[in-house]
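We count residues from 1, following the sequence as given.
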Amino acid sequence: MLIVAHVETNKRTVLTGSAGVEYRLYNHFYVRAGVKATPLFPTFGVEYNFLCFTTDVAALYHPVLGISTGIGLKYSF
């Protein structure tokens, strides 16, 4: 299990942050979830590794734009 957190400040916001969790469910299968504050952006994703290929599928919710999805394929040699 991997747990990450991030806190930052800039000229627009006094303090904002994000946090995420990645969990290895099976040998080559990972589940991820995260959230970013100000505004609230929840995310979810899965990853599957097979031989030299890695497939990522993710979803992000935006309060104005709605749900966005993405898929990625990576080959490592």
Asker: Are any of the side-chain heavy atoms of P63 and F41 separated by less than 4.5 Å?
Answerer: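 Yes - at least one pair of side-chain heavy atoms lies under 4.5 Å apart.
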
Asker: Angle class for the Y26/F29 ring planes (parallel below 30°, perpendicular above 60°, tilted otherwise)?
Answerer: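 Ring orientation of Y26 relative to F29: tilted.
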
Asker: Please report the closest heavy-atom contact between R24 and N27, naming both atoms and the distance.
Answerer: CD-O, 3.7 Å

Asker: Would a single hydrophobic cluster contain both I67 and V64, if residues Ile, Leu, Val, Met, Phe, Trp and Tyr are joined by side-chain heavy-atom contacts under 4.5 Å?
Answerer: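 Shared cluster, no.
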
Asker: Establish whether L60 and I71 are linked, either directly or via other cluster members, by ILVMFWY side-chain heavy-atom contacts under 4.5 Å.
Answerer: no

Asker: For side chain to side chain contact (heavy atoms under 4.5 Å, CB included), just list the numbers for F53 and L73, CA-CA rounded to whole Å, side-chain angles, deciding distance to a tenth of an Å, and then say yes or no.
Answerer: CA-CA 7 Å; F53 292 97; L73 179 65; 4.2 Å; yes

Asker: Using 0.5 Å steps for rounding, measure from the CG atom of L51 to the OH atom of Y75.
Answerer: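 Going from the CG atom of L51 to the OH atom of Y75 covers 9.0 Å.
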
Asker: Under the 3.5 angstrom rule, does the side chain of T69 hit a backbone N or O of A59 as a donor-acceptor pair?
Answerer: no

Asker: Any heavy-atom pair between the side chains of V46 and Y30 that's under 4.5 Å?
Answerer: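 Of all side-chain heavy-atom pairs linking V46 with Y30, none is under 4.5 Å.
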
Asker: For the OG1 atom of T43 and the NE2 atom of H62, what is their distance to the nearest 0.5 Å?
Answerer: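 NE2 of H62 is found 13.5 Å from OG1 of T43.
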
Asker: Before giving the answer on side chain to side chain contact (heavy atoms under 4.5 Å, CB included), spell out for L2 and V21 the whole-Å C-alpha distance, their side-chain angles and the decisive distance to 0.1 Å.
Answerer: CA-CA 6 Å; L2 173 67; V21 175; over 6 Å; no

Asker: What distance do K74 atom NZ and T54 atom OG1 have between them, rounded to the nearest 0.5 Å?
Answerer: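 With rounding to 0.5 Å, NZ (K74) is 5.0 Å from OG1 (T54).
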
Asker: Please answer: with hydrophobic residues joined when any side-chain heavy atoms are less than 4.5 Å apart, are Y48 and L25 in the same cluster?
Answerer: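 Same cluster.
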
Asker: Mind checking whether L15 and V7 have side chains closer than 4.5 Å, heavy atoms only?
Answerer: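 Side-chain contact under 4.5 Å: yes.
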
Asker: Could you state whether V35 and L65 fall into the same hydrophobic cluster, counting links through intermediate Ile, Leu, Val, Met, Phe, Trp or Tyr residues with side-chain heavy atoms under 4.5 angstrom apart?
Answerer: no

Asker: Under 4.0 Å between a Lys/Arg side-chain N and an Asp/Glu carboxylate O for R32 and D56?
Answerer: yes

Asker: Are any non-hydrogen side-chain atoms of E47 and T55 less than 4.5 angstrom apart?
Answerer: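 Result no, sub-4.5 Å side-chain heavy-atom pair not found.
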
